Amino acid sequence: MKKIRIIWHLFPWYVLIIFLSLLTVSWYVSKYTRDFHRDNIGRNLESMAKLVDFDLESGLKGISSSRMDSICVELYARSGIRVTVVGKDGRVAGDSLEESARMENHRDRPEIIKALSGGTGISERMSGTLKRPFLYVAVPLYDQSGLAGAVRTSISMADVNAELRRIQTRILLTGVAVALLSVLLSILISRRISAPLNEMKKGIGHFAANDLDYRIPVYGLAEVGDLAGVINEMASRLQDRIDTVELQRSEQEAVFAAMPGGILVVDDDEKIVRMNPGAAGLLGISGPETIGKMIQEAVRNQHLQKFVAQTLRSEGHIEADFTLFSGSGDVFIQAHGVKLRSDNGNRGTGAVIVLNDVTRIKKLENVRREFVANVSHELKTPITAIKGFVETLMDGAIERAGDAKKFLGIIDRQADRMNGIVRDLLLLAQVERDGEAGDIRFEKANIRKILDEARLICSPQAAERNIIVSVDCDEELEGRVNPALLEQAVINLVENAIKYSNEGGVVKVNAFIESGFLAVDVVDQGCGIAPENLSRIFERFFRIDKARSRKLGGTGLGLAIVKHIAAVHGGFVHAESGLGTGSAFRLRIPLNPHGLNGQTKN
């Protein structure tokens, strides 16, 4: 059975009663008003007819039709009431609005019939002469010989009917307003009755949704108020008990979620019982969706599956290292497992697996090993050369002036190469250290001066290879930078471009504003870089052509330094190149360097 709200049980009856009441009142008032006006007008017309009767007391004899018409017209002009004088034979003797001679016999008119019979006749109908509704009142007219005819007075009901329609319209509008107000009041009354029940329903809905702090309003109705009070008391006691349980649970959850690494709890059947967000993130699964599933179903990793099985079989704590494979790369895991026991210690209840992500540590170890290997390799060549030529000199070559000078020159160049490597390593370490510590200071500087100074420093190297270094930069261009570091970055880019450009080429240095960044581009016409090497050229000690790089005196750290200088400025650097088409190194530094670690000097 369809449920109907209380308001819809009461509201239609309210509306029906109001409608019938208003309909009855409107009909009665309209009828009463019309009857009142009709009776009032009838009395006035009757009085006017009797006055005319008094004026014509001598009868109709001796008065011509034209004279009688004039008398009627004069009366109409003074009173606005049409007057018609009718003889006892029904012939019209005079009229206010028409010539009596042209009017038809009125003996058949109801009011005339009544008047000629000695009474007062009243009739309301459409005038056959004027084609308008009129109210007619006729009284008998007597002379000395007796009944001489009748005097009829009439007035148009068009204005009266229009006024009645206006009154009816007002009554209707007032009735509609009263009806709307009554409907509104009925709705308010219905809601006042249903509101307590709705509030109780709403409150129980809150309680069902675990909102036990909500309280149902207690209304004045005794029965409803008592019931609301009892429900509120029940909710309060239930809330106290739930709060105690939730406090204990939240403490456990806080410890569980805050523990470093991932925590995975399985039962004796290897089904997942609980896991913290760390474990879900490491395993790449959704924690809530995997609860209750077998470990083999939730995680497709044989190493973890075997480790869980081994932990459940073990009596103590075990450890293992394995790799998880994900879309973003391999994740190195260090796992610890321990079996859970029941309170009496006789029965196993599952196991706890702790997973620690040691990927970053592994990568740092690899970077450290690669760095040590690269530095050792870079230093080994010049050290070997220096040691070999020193031994040659000690074996007697020093006595030969020509050979001695040649060997000492080689030793000098190798020493310079070692010095360059050490210098670049120290510079790179300093940039990283100062950037992390926030010790780099930034100031508003003229970019054109920095670029010109870098070109001047690189000019000897460019002159040796007959290479032109051009600078295209607005004289007034400014940026908030560390001038020394920016100059070093530009020097490294220009030196790199000179080394890999053909003799007689051109290296262009352009600086401009681009999308909120200070842009510095260094473009050469050299041999270019293969696409597969573009992503690695900013790595430390990475060389595209190792033999050529060492021959040109490169340390393999110049572009790595540029990358770190861009980073401490909050910017970035990237390269665009192709084999045989030259290269373009594009350095971008934000004009408003918010969030920089270093201080800003105004």
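It should be emphasised that the depicted structure is a prediction, and the values quoted were computed from it without experimental measurement. Throughout, residue positions are numbered sequentially from 1 according to the sequence presented.
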For this session: Would you check if the side chain of N446 reaches a backbone N or O of E478 as a donor-acceptor pair within less than 3.5 Å?
Result: no

For this session: Answer yes or no: is there a donor N or O on one side and an acceptor on the other, between the side chain of N276 and the main chain of G262, under 3.5 Å?
Result: no

Problem set entry | Under 3.5 Å donor-acceptor, E124 side chain and P133 backbone | no

Seminar exercise, completed: On a heavy-atom basis, the closest approach of V265 and L340 is CG1-CD1, 4.3 Å

Problem set entry | Distance (rounded to the nearest 0.5 Å) between R480 CZ and H569 NE2 | 11.5 Å

Exercise. Is E111 salt-bridged to R125, cutoff N-O under 4.0 Å?
Worked result: yes

Exercise. For K271, does its backbone N or O pair with a side-chain atom of D269 as donor and acceptor, under 3.5 Å?
Worked result: no

For this session: Tell me, with the steps shown, if R170 and L173 meet side chain to side chain contact (heavy atoms under 4.5 Å, CB included).
Result: CA-CA 5 Å; R170 292 176 183 174; L173 293 176; 5.8 Å; no

Exercise. How many angstroms lie between atom OG1 of T153 and atom CG of L75, to the nearest 0.5 angstrom?
Worked result: 10.5 Å

Exercise. Step by step, would you call L587 with L486 a side chain to side chain contact (heavy atoms under 4.5 Å, CB included)?
Worked result: CA-CA 10 Å; L587 176 63; L486 180 59; 3.8 Å; yes

Exercise. Under the 3.5 angstrom rule, does the side chain of S123 hit a backbone N or O of Y136 as a donor-acceptor pair?
Worked result: no

Exercise. Between R448 and C473, is there a donor-acceptor pair closer than 3.5 Å when you use the side chain of the first and the backbone of the second?
Worked result: yes

For this session: Supply the atom-to-atom distance C72 SG to I81 CD1, rounded to the nearest 0.5 angstrom.
Result: 12.5 Å

Problem set entry | R109 and E104: CA distance, side-chain angles, deciding distance, salt bridge (Lys or Arg N to Asp or Glu O under 4.0 Å) verdict | CA-CA 11 Å; R109 303 296 194 270; E104 60 185 8; 2.7 Å; yes

For this session: For the pair S117 (side chain) and I113 (backbone), establish whether a donor and an acceptor sit closer than 3.5 Å, ignoring hydrogens and angles.
Result: yes

Exercise. Ignoring hydrogens and geometry, is there a side-chain-to-backbone donor-acceptor pair from R586 to F572 under 3.5 Å?
Worked result: no

Problem set entry | Verdict with reasoning, T290 to V299, per side chain to side chain contact (heavy atoms under 4.5 Å, CB included) | CA-CA 9 Å; T290 56; V299 183; over 6 Å; no

Exercise. Would you find a donor on one side and an acceptor on the other, under 3.5 Å apart, between the side chain of D69 and the backbone of D95?
Worked result: yes

Problem set entry | Shortest non-hydrogen contact between R107 and I112, atoms and distance | CA-CG2, 4.4 Å

Exercise. So, does N105 use its side chain to make a donor-acceptor pair with the main chain of D89 at under 3.5 Å?
Worked result: yes

Exercise. Considering all heavy atoms of both residues, which atom of D268 and which atom of G350 are nearest to each other, and what is their separation?
Worked result: OD1-N, 3.0 Å

Problem set entry | Non-hydrogen atoms of R300 and Q296 that approach each other most closely | NH1-O, 3.5 Å

For this session: Determine the minimum heavy-atom distance between R588 and D521, stating which atoms define it.
Result: NH1-OD1, 2.8 Å

Problem set entry | Rounded distance (nearest 0.5 Å) linking atom CD of Q305 with atom CD1 of I295 | 7.0 Å

Problem set entry | Euclidean distance, I231 CD1 relative to S236 OG, rounded to 0.5 Å | 13.5 Å

For this session: For side chain to side chain contact (heavy atoms under 4.5 Å, CB included), just list the numbers for L355 and L304, CA-CA rounded to whole Å, side-chain angles, deciding distance to a tenth of an Å, and then say yes or no.
Result: CA-CA 10 Å; L355 306 174; L304 178 60; 4.2 Å; yes

Exercise. How long is the span from the CZ atom in R91 to the CE atom in M103, to the nearest 0.5 Å?
Worked result: 12.0 Å

Seminar exercise, completed: In terms of heavy-atom contacts, E476 and D474 come closest through N-OD1, 2.7 Å

